[in-house]
> 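Here it is, the structure, as structure tokens.
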Amino acid sequence: MSGRSGYSQGVISELVAERGGESLDLWARTINPQFARVLRTIGFDRTWTRAEGAYLWDDAGNRFLDLLGGFGMFNVGRNNPRVRAALVETLELDLPGSVQLGASPLPPLLAEELLRRTPARLERVLFTNSGTEAVEAALKLGRAATRRPRVVSAEHGFHGLTLGSLSANGNPEFTDRFEPLLPGFDRVPFGDLDALELELHHEDVALFLVEPVQGKGVQLPPPAYLEGAQELCRRYGTLFCVDEVQTGFGRTGKLFAFEHWGLEPDLVPVSKALSGGYVPVGGLLMSKWVHERVFDSMENAFSHGSTFAPNELAMAAGLATLRELDEQRLVERSAQLGERLLELTAPLVEQFEVVRDVRGLGLMWAIEFGEPDSRRRTYRLIERLQHGLFAQLVVVPLFSEHRILSQVAGHGIPVIKGLPPLTIADDDLVWVVEALQATIAKAQRLPRAVAGFALTASGLR
């Protein structure tokens, strides 16, 4: 008897219809009350009812532009119909997936498609369920392959929040509360080749783990930095690991960000957008040398893996996402719209004293604020309450008054970050710029009501 024969159609629809309005209360009671408190404090406590492409709708029918993109997950757009169709088709095939002691077709087909798009140095794929799991695999396999104990990463890099990834994380706001972390992890300033060489020349570093563009603050690498880092890794026998979890699959205007610099990494963790926004999936792309140093015999064929990682739905989502990126030319679109977004927002630096920089690569974009020449006293007051708080004074009205969902790019930094779906329309960029002009002008004047919000948001009242 088919397992689906006993299912009553509409069960999920009925649950959403009956209980959807309770989402935030349920979340607070059963998952994370502090998160619910944050949403209510900044006015993000909407009831969402629908999503499509680059847009979200609330229960009042208001359409919002999604500049957050699920932290970079929805490159092919929310609820992409072609990815969804591939998932429905896969479910209807009743495939014998996850046999565990057997091989099914979709995992190697997705691996083949991924490797076809990467440098020849990358020849094997190990699938995971998330980005942090892909980083964990890089750490574990990299140390085993090189027989070396140490890992070096960059200050302010992210990489994930599980214990191994967290040990490589360069942000004290994430790490300090969970110390002691794993031994053998050290960090160097992002962009400093001399500091990197000082660590590598001991020849005991298994891998150097680096984001090609740092997600926190959207920090672009200095000229020749990544090429120099790769050369140092080759010189000292260290594996070069480029974390493409957020930058991959068209985000920066190339399929992988490392293409901008002609890099050939040994290890590449991927995830987020490979899912098509539907099914958790990640992977570690690696050189044959690394793989065969770990999976070196039949006895060691099970040296690393995960029960659910190469499941059929995740693989189907990945295959459909790669096809969608190709057929809709979304990588090229990211490059073109990214240039247009920079062109439209760069004048804000001259227009507003408080805007210090606008930067980005493809549709990974940021605007940074700093102390203005005038009204310094008020700006300093806000910054004393919480460093980087001015950016939140822009994010909140972008949402409440202009219906644009965005985020501050990291704890304690005055930067707003954009990771919109690559399906975003040209007109949406104008929407963003006009909203930024209005909100920055208002926040720069720092009226009493805005200062009051700052006190509330910082927990001081």
Side-chain angles (χ1 to χ4, degrees), residues 68-76 107 110-111 114 117-118 122 124-142 151 153-154 156-171 174-175 178 181-182 185 207-219 239-252 254-258 265-286 304-311 313-315 317-318 321-322 325 362-364 407 409-410 417 419 421-422:
L68 181 57
F71 298 138
M73 181 171 64
F74 293 107
N75 287 17
V76 298
L110 177 55
L114 287 167
R117 292 163 165 81
T118 60
L122 298 171
R124 299 283 166 82
V125 180
L126 186 148
F127 286 109
T128 68
N129 301 290
S130 66
T132 193
E133 287 183 38
V135 171
E136 294 275 358
L139 299 174
K140 176 181 172 180
L141 272 59
V151 173
S153 56
H156 306 301
F158 183 71
H159 307 303
L161 297 177
T162 52
L163 187 60
S165 302
L166 189 65
S167 299
N169 192 309
N171 300 285
F174 289 115
T175 60
F178 300 98
L181 300 174
L182 298 181
F185 285 76
L207 64 143
F208 174 51
L209 173 62
V210 65
E211 296 166 297
V213 180
Q214 287 199 323
K216 180 172 180 177
V218 187
Q219 299 297 337
L239 298 174
F240 186 44
C241 182
V242 178
D243 183 345
E244 292 270 5
V245 169
Q246 187 165 103
T247 53
F249 305 109
R251 172 56 54 193
T252 68
K254 298 283 188 182
L255 187 68
F256 296 104
F258 64 68
D266 302 289
L267 300 162
V268 180
V270 298
S271 187
K272 288 191 184 289
L274 181 61
S275 67
Y278 282 102
V279 185
V281 62
L284 175 65
L285 317 183
M286 73 189 93
H304 192 73
S306 175
T307 301
F308 286 99
N311 73 78
L313 287 179
M315 302 298 100
T321 294
L322 292 177
L325 289 169
L363 283 173
M364 188 173 186
Q407 67 168 133
K417 175 180 179 179
L419 296 168
L422 309 186

> For the side chain of Ser153 and the backbone of Ala168, is there at least one donor-acceptor N/O pair under 3.5 Å apart?
yes
> Grab the two heavy atoms, one from Gly157 and one from Gln214, that are nearest each other, plus how far apart they are.
N-NE2, 3.4 Å
> Which residues satisfy the side-chain contact (heavy atoms from CB on, under 4.5 Å) test with Pro280, sequence neighbours excluded?
none
> Partners of Phe240 by ring-ring contact (aromatic ring centres under 6.0 Å, His included), sequence neighbours excluded?
none
> Kindly determine whether Val281 and Thr321 satisfy side chain to side chain contact (heavy atoms under 4.5 Å, CB included), including the steps that lead there.
CA-CA 12 Å; Val281 62; Thr321 294; over 6 Å; no
> Does any non-hydrogen side-chain atom of Gln219 lie less than 4.5 Å from one of His156?
no
> Looking at Ala134 and Gly283, what are the two nearest heavy atoms and their distance?
CB-O, 3.4 Å
> Rounded to the nearest 0.5 Å, how far apart are CG of Leu285 and CZ of Arg117?
12.0 Å
> Heavy-atom distance under 4.5 Å between the side chains of His159 and Glu211, does that happen here?
yes
> How many angstroms lie between CG in Asp266 and CG in Leu141, if you round to the nearest 0.5 Å?
12.5 Å
> List for me each residue that meets ring-ring contact (aromatic ring centres under 6.0 Å, His included) alongside Tyr278, sequence neighbours excluded, and say none if there are none.
none
> Mind running side chain to side chain contact (heavy atoms under 4.5 Å, CB included) on Val151 and Leu139 for me, showing each step along the way?
CA-CA 8 Å; Val151 173; Leu139 299 174; 3.8 Å; yes
> Quick one: closest heavy-atom pair of Ala317 and Ser275, and the distance?
CB-O, 3.4 Å
> Could you tell me whether the side chains of Thr132 and Thr162 share a donor-acceptor contact shorter than 3.5 Å?
yes
> Hey, could you give me the NE2/CD distance between His304 and Glu136, rounded to the nearest 0.5 Å?
8.0 Å
> Excluding sequence neighbours, so at least two apart, what forms side-chain contact (heavy atoms from CB on, under 4.5 Å) with Leu181?
Leu163, Leu166, Ser167, Thr175, Phe178, Glu179
> Quick check: closest heavy atoms across Pro269 and Asp243, and the distance to 0.1 Å?
CD-CA, 3.9 Å
> Check side-chain hydrogen bond (donor to acceptor under 3.5 Å, both in side chains) between Lys272 and all other residues, then give those that pass, not counting sequence neighbours.
none
> With the side chain counted from C-beta on, respond yes when Leu267 and Leu207 share a heavy-atom pair under 4.5 Å apart, and no when they do not.
yes
> Is the shortest heavy-atom distance from the side chain of Leu110 to the side chain of Leu322 under 4.5 Å?
yes
> Are Arg251 and Leu422 close enough that some pair of their side-chain heavy atoms sits under 4.5 Å apart?
yes
> Name all residues meeting the ring-ring contact (aromatic ring centres under 6.0 Å, His included) criterion together with Phe256; count only those two or more places apart in sequence or in a different chain, and write none if there are none.
Phe249, Phe258
> If I compare all heavy atoms of Glu244 with all of Pro212, which pair ends up nearest, and what's the gap?
OE2-CG, 4.0 Å
> Drop me the distance from Leu122's CG to Leu284's CG, to the nearest 0.5 angstrom.
9.0 Å
> Begin from the C-alpha positions of Phe158 and Gln246 and carry the test side chain to side chain contact (heavy atoms under 4.5 Å, CB included) through to its verdict.
CA-CA 10 Å; Phe158 183 71; Gln246 187 165 103; over 6 Å; no
> Do you know the tightest heavy-atom contact between Glu133 and Ser306?
OE1-OG, 4.2 Å
> Report yes if the side chains of Met364 and Leu419 come closer than 4.5 Å at any heavy-atom pair, otherwise no.
yes
> Starting at CD of Gln407, measure out to NZ of Lys417 and round the result to the nearest 0.5 Å.
5.5 Å
